[in-house]
Amino acid sequence: ELVMKDERTDLAVLRIDTNGQTLPMLDFADTRNIAVGDLVLAIGNPFGVGQTVTSGIISALARTDVGVSDYSSFIQTDASINPGNSGGALVNLNGELVGINVASFNPRGSAAGNIGLGFAIPSNLAKEIMRQLMAFGEVRRGSLGLEAETAQSQAEPFTKGAWVSRVYRGSPAE
């Protein structure tokens with residue numbers, strides 16, 4: 001049963017009737033301690049064929065602009081992530097949750113299959129989203145209410161800092 005969800009990260013808190021049985025749980029890895037090159041396993045149900053496990057490495061950290069959401073710090077892996085793997089676990093070799101698989105990238109579309117560009121939400125973020133949903137029923141995000149660019153992207157005489165290009169009405173920045 002869906003209890004609550006966060007649209008921006010596509011994460012949710014579910015209630016499962018276990019009929020009094022205890023379900024197995026994964027420990028959360030601290031994603032501040034993962035590195036490019038770490039071995040990982042992706043668990044899912046690609047194309048609805050049944051549960052699978054694929055292996056790979058963490059290819060990159062803090063990936064942005066992957067076209068999934070406005071969230072901008074995905075874990076990139078070359079472990080095969082295809083349609084149907086979304087929501088599946090990305091785990092390290094200690095069996096700890098490193099991330100939650102959310103997307104694969106293929107210029108020919110998601111139905112074309114995996115080309116080694118899969119993305120996962122880091123477990124530290126998933127844990128914080130879960131904590132806030134359970135505590136407040138929503139995710140509370142901070143916002144300054146502005147858009148900025150680095151000074152290097154602007155003309156002289158600016159060489160350091162940020163260039164504020166837009167301030168939103170009613171925001172703290174205003």
Side-chain angles (χ1 to χ4, degrees), residues 1-135 137-141:
E1 172 189 352
L2 177 64
V3 176
M4 55 197 81
K5 62 183 176 179
D6 177 51
E7 298 284 344
R8 289 179 64 185
T9 57
D10 195 26
L11 294 174
V13 173
L14 305 175
R15 180 177 294 119
I16 301 172
D17 182 6
T18 64
N19 294 321
Q21 296 180 355
T22 302
L23 297 177
M25 294 177 20
L26 290 175
D27 289 328
F28 283 76
D30 184 345
T31 51
R32 294 174 298 177
N33 298 326
I34 64 173
V36 172
D38 286 354
L39 297 171
V40 289
L41 304 171
I43 301 170
N45 182 9
F47 302 104
V49 299
Q51 185 177 6
T52 63
V53 177
T54 58
S55 64
I57 62 168
I58 293 176
S59 307
L61 298 170
R63 282 291 192 221
T64 61
D65 299 323
V66 299
V68 177
S69 74
D70 62 356
Y71 173 68
S72 61
S73 191
F74 291 95
I75 297 169
Q76 181 182 324
T77 181
D78 68 345
S80 188
I81 297 175
N82 291 296
N85 281 74
S86 185
L90 187 67
V91 299
N92 62 23
L93 297 185
N94 294 324
E96 299 167 321
L97 183 71
V98 170
I100 298 174
N101 303 324
V102 292
S104 62
F105 177 77
N106 189 319
R108 294 183 292 161
S110 63
N114 178 274
I115 61 168
L117 287 171
F119 300 97
I121 294 172
S123 62
N124 284 10
L125 175 67
K127 191 174 189 178
E128 178 60 17
I129 296 292
M130 177 184 68
R131 185 193 69 74
Q132 288 194 36
L133 287 172
M134 298 294 288
E138 65 182 1
V139 177
R140 297 180 176 174
R141 293 178 170 88

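At least one donor-acceptor pair closer than 3.5 Å links the side chain of Thr77 to the backbone N or O of Ile57.
Between Arg131 and Lys127, every side-chain heavy-atom pair lies at or beyond the 4.5 Å cut-off.
The local environment of CD in Gln21 is sparse, with at most 12 non-hydrogen atoms from other residues, nucleotides or ligands closer than 6.0 Å. Within a 6.0 Å radius of CG in Asp6, more than 12 heavy atoms belonging to other residues, nucleotides or ligands are found.
Note on residues 31-45: pairs passing salt bridge (Lys or Arg N to Asp or Glu O under 4.0 Å), not counting sequence neighbours, are Asp30-Arg32.
Between atom CD1 of residue Ile81 and atom CG of residue Asp78 there is a gap of 9.5 Å, rounded to the nearest 0.5 Å. Here Leu11 contributes atom CG and Gln132 contributes atom CD; the two are 12.0 Å apart, rounded to the nearest 0.5 Å. Rounded to the nearest 0.5 angstrom, Thr31 OG1 and Leu61 CG are separated by 8.5 Å. Rounding to the nearest 0.5 angstrom, the gap separating the CD atom in Glu138 from the CE atom in Met4 is 10.5 Å.
Closest of all the heavy-atom pairs between Ala60 and Val36 is CA-CG2, 3.8 Å.
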Side-chain atoms of residues 49-56: list all donor-acceptor pairs with protein atoms under 3.5 Å, sequence neighbours left out, distances to 0.1 Å.
from, atom 1, to, atom 2, distance (Å)
Thr54, OG1, Ser80, N, 3.4
Thr54, OG1, Ser80, O, 3.0

Distance-only donor-acceptor pairs under 3.5 Å for side chains of residues 92-99, two or more places apart:
from, atom 1, to, atom 2, distance (Å)
Asn92, OD1, Asn94, N, 2.9
Asn92, OD1, Gly95, N, 3.2
Asn92, OD1, Glu96, N, 2.9
Asn92, ND2, Glu96, OE1, 2.8

